[in-house]
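Computed from heavy atoms alone, side chains included, the values below leave out hydrogens, waters and symmetry copies. Below, chains carry the letters A, B, ... as their sequence lines are ordered, and counting in each starts from 1.
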Amino acid sequence: MPELPEVEVTRRGFVDRIAGARIEAVRVGKPLRWALGVDPQTLVGRTVRTVRRRGKYLLVELDEGLLLMHLGMSGSLRFDAVLPAAGSHDHFDLLTSQGTLRLNDPRRFGAVVHVTDEGAPLAVKLLGGLGMEPLDDGFDFDAFHAGLRRRKTAIKQVLLAGDVVVGVGNIYASEALFLAGIRPTVAASRIGRPRALRLHAAVREILARAVEKGGSTLRDFSNIDGQRGYFQLEATVYGRAGEPCRVCATPIRQMRQGQRSTYFCPNCQKY
DNA sequence: AATCTTACCTGTAGGC
DNA sequence: TGCCTACAGGTAAGAT
């Protein structure tokens, strides 16, 4: 569910409030995608230094070790001085001197994993293959274009794969391709420099705009304070099958690519 | 190596 | 408090 903007907005919502906090207790609920990897008790007494983001992962840096958190398809985080009693989908609570960080995740595709450092085998397995950060200065165009060139798969699926550029999920992949005027089915390797330049800029713009707006139109996403219906950005094509294109009024088309829905305008995205 | 498919799990919407 | 199917923001693991 959460793509890069939702994860980043979540991070910004609690990083300053949790920094410096001492972990007082840990509560785990049902199993998530992976086990925590340590006895929860061993986290007690640790201090939270800061929270960083890599792709769709949040890295909660402790004075010793770090927690990798992923929200999967349906996860959301809350942070508050006091939270209500844990519900059936609350699967991880980090109780600290400054408040409780809670992961709610109905589908449990998310995860909280402890590693000693980013070089640990599990951290490398999860983070090692990730592509460039689209909102960083390091999002180099030539590296981006070179990444596309070596993939014969449809461009939509290359964006989703996350090994060239991270953070673009199913919604923003359709949105970015619309903004760049590129047909989602085009082989990535066949995208020339002019179109690659447009796509590079479109990915940045779509994600940056969503972060500014506080995320996308996710129907059941809650922000760090537990409020729903918080995200404002209107989708241009995603979820709008049959509705008129906002640019040319041609009906938006929906298709399946690798078991995922793709939306595009057949007139604005001809190639 | 690249690519495609499967699997994980729960909730919801729509058709019957 | 109906039942069945399809689909939903992600991504690792297995198969080809």
Side-chain angles (χ1 to χ4, degrees), chain A residues 1-11 29-35 37 53-58 68-77 87-92 103-113 115 121-131 146-176 185-190 206-207 210-211 213-223 228-235 237-242 254-263:
Chain A
M1 101 36 221
E3 304 184 29
L4 184 151
E6 292 74 34
V7 177
E8 177 60 19
V9 167
T10 295
R11 186 191 73 82
K30 290 186 189 174
L32 293 162
R33 185 162 190 184
W34 297 289
R53 179 188 56 73
R54 178 73 178 101
K56 297 168 192 167
Y57 286 89
L58 288 177
L68 308 183
M69 308 188 80
H70 198 290
L71 303 182
M73 288 277 265
S74 58
S76 60
L77 288 176
S88 59
H89 298 315
D90 295 326
H91 303 305
F92 185 85
L103 173 66
N104 178 278
D105 186 4
R107 292 178 73 180
R108 292 191 281 130
F109 290 168
V112 183
V113 171
V115 291
L122 185 52
V124 171
K125 183 180 79 171
L126 298 179
L127 307 176
L130 297 182
L148 301 188
R149 288 232 106 115
R150 72 176 76 98
R151 306 290 297 277
K152 293 180 177 172
T153 319
I155 181 60
K156 158 84 179 320
Q157 298 186 258
V158 172
L159 288 178
L160 276 186
D163 47 5
V164 177
V165 58
V166 295
V168 183
N170 203 43
I171 294 176
Y172 296 116
S174 284
E175 295 295 316
T185 48
V186 173
S189 57
R190 295 189 55 238
I206 273 302
L207 296 177
V211 171
K213 294 263 190 175
S216 73
T217 54
L218 301 185
R219 283 174 281 282
D220 59 352
F221 191 73
S222 301
N223 72 2
R228 289 173 175 267
Y230 166 78
F231 294 110
Q232 298 299 317
L233 194 68
E234 277 279 302
V237 288
Y238 185 86
R240 298 191 64 243
Q254 177 178 10
M255 62 180 297
R256 302 292 285 180
Q257 286 181 291
Q259 342 273 46
R260 316 296 300 278
S261 280
T262 299
Y263 300 85

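Between A:Lys152 atom NZ and B:dT3 atom C1' there is a gap of 11 Å when expressed in whole angstrom units. Rounded to a whole Å, the CZ atom of A:Arg150 is 13 Å from the P atom of B:dA1. Regarding A:Leu148, its CG atom lies at a distance of 15 Å from the C1' atom of B:dA2, rounded to whole Å. Taking atom CD on A:Gln157 and atom P on B:dC4, their separation rounds to 6 Å, with Å as the unit. Atom CE in A:Met73 sits about 9 Å away from atom C1' in C:dC7, given to the nearest Å. Counting to the nearest Å, the P atom of C:dA6 and the CZ atom of A:Arg256 are 11 Å from each other.
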Tabulate protein N/O versus nucleotide N/O from nucleotides 11-15 of chain C, keeping only pairs under 3.5 Å, one per line.
| unit_1 | atom_1 | unit_2 | atom_2 | d |
| --- | --- | --- | --- | --- |
| C:dT11 | OP1 | A:His70 | NE2 | 2.6 |
| C:dT11 | OP2 | A:Lys56 | NZ | 3.0 |
| C:dT11 | O4' | A:Arg33 | NH1 | 3.4 |
| C:dT11 | O2 | A:Arg33 | NH2 | 3.1 |
| C:dA12 | OP1 | A:Tyr57 | OH | 3.3 |
| C:dA12 | O4' | A:Arg33 | NH2 | 2.9 |
| C:dA13 | OP1 | A:Lys125 | NZ | 2.9 |

Could you list all N or O pairs between the protein and nucleotides 9-12 of chain B that sit under 3.5 Å apart?
| unit_1 | atom_1 | unit_2 | atom_2 | d |
| --- | --- | --- | --- | --- |
| B:dC9 | O4' | A:Arg107 | O | 3.3 |
| B:dC9 | O3' | A:Arg108 | NH2 | 2.7 |
| B:dC9 | O2 | A:Arg107 | NE | 3.0 |
| B:dC9 | N3 | A:Arg107 | NH2 | 3.4 |
| B:dT10 | OP1 | A:Arg108 | NH2 | 2.6 |
| B:dT10 | O4' | A:Pro106 | O | 3.4 |
| B:dG11 | OP1 | A:His89 | NE2 | 2.8 |

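Listed by first and then second residue, the salt bridge (Lys or Arg N to Asp or Glu O under 4.0 Å) pairs involving residues 150-171 of chain A are A:Arg151-A:Asp163 (not counting sequence neighbours). Legend: salt bridge (Lys or Arg N to Asp or Glu O under 4.0 Å) pairs involving residues 167-176 of chain A, not counting sequence neighbours: none detected.
In this view, A:His91 satisfies the ring pair (Phe, Tyr, Trp, His ring centres under 6.0 Å) rule with no residue, not counting sequence neighbours. Partners of A:Glu8 under the side-chain hydrogen bond (donor to acceptor under 3.5 Å, both in side chains) rule, at least two apart in sequence or in another chain, are A:Arg11, A:Arg12, A:Arg53. In this view, A:Ala35 satisfies the side-chain contact (heavy atoms from CB on, under 4.5 Å) rule with no residue, not counting sequence neighbours. A:Phe92 pairs by the ring pair (Phe, Tyr, Trp, His ring centres under 6.0 Å) definition with nothing, not counting sequence neighbours. By the salt bridge (Lys or Arg N to Asp or Glu O under 4.0 Å) test, A:Arg54 is found to be paired with A:Glu133, residues two or more places apart in sequence or in another chain being considered. In terms of the salt bridge (Lys or Arg N to Asp or Glu O under 4.0 Å) criterion, A:Arg108 has no residue partners (sequence neighbours excluded). Every residue two or more places apart in sequence or in another chain that forms a side-chain hydrogen bond (donor to acceptor under 3.5 Å, both in side chains) with A:Ser261 is listed here: A:Gln254, A:Arg256.
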### Strand DNA chain B as a dot-bracket string - pairs counted if Watson-Crick or G-U with both distances under 3.5 Å, | where the partner lies in another strand
.|||||||.|||||||
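The separation of B:dT6 from C:dA6, taken at their P atoms, amounts to 15 Å, rounded to a whole angstrom.
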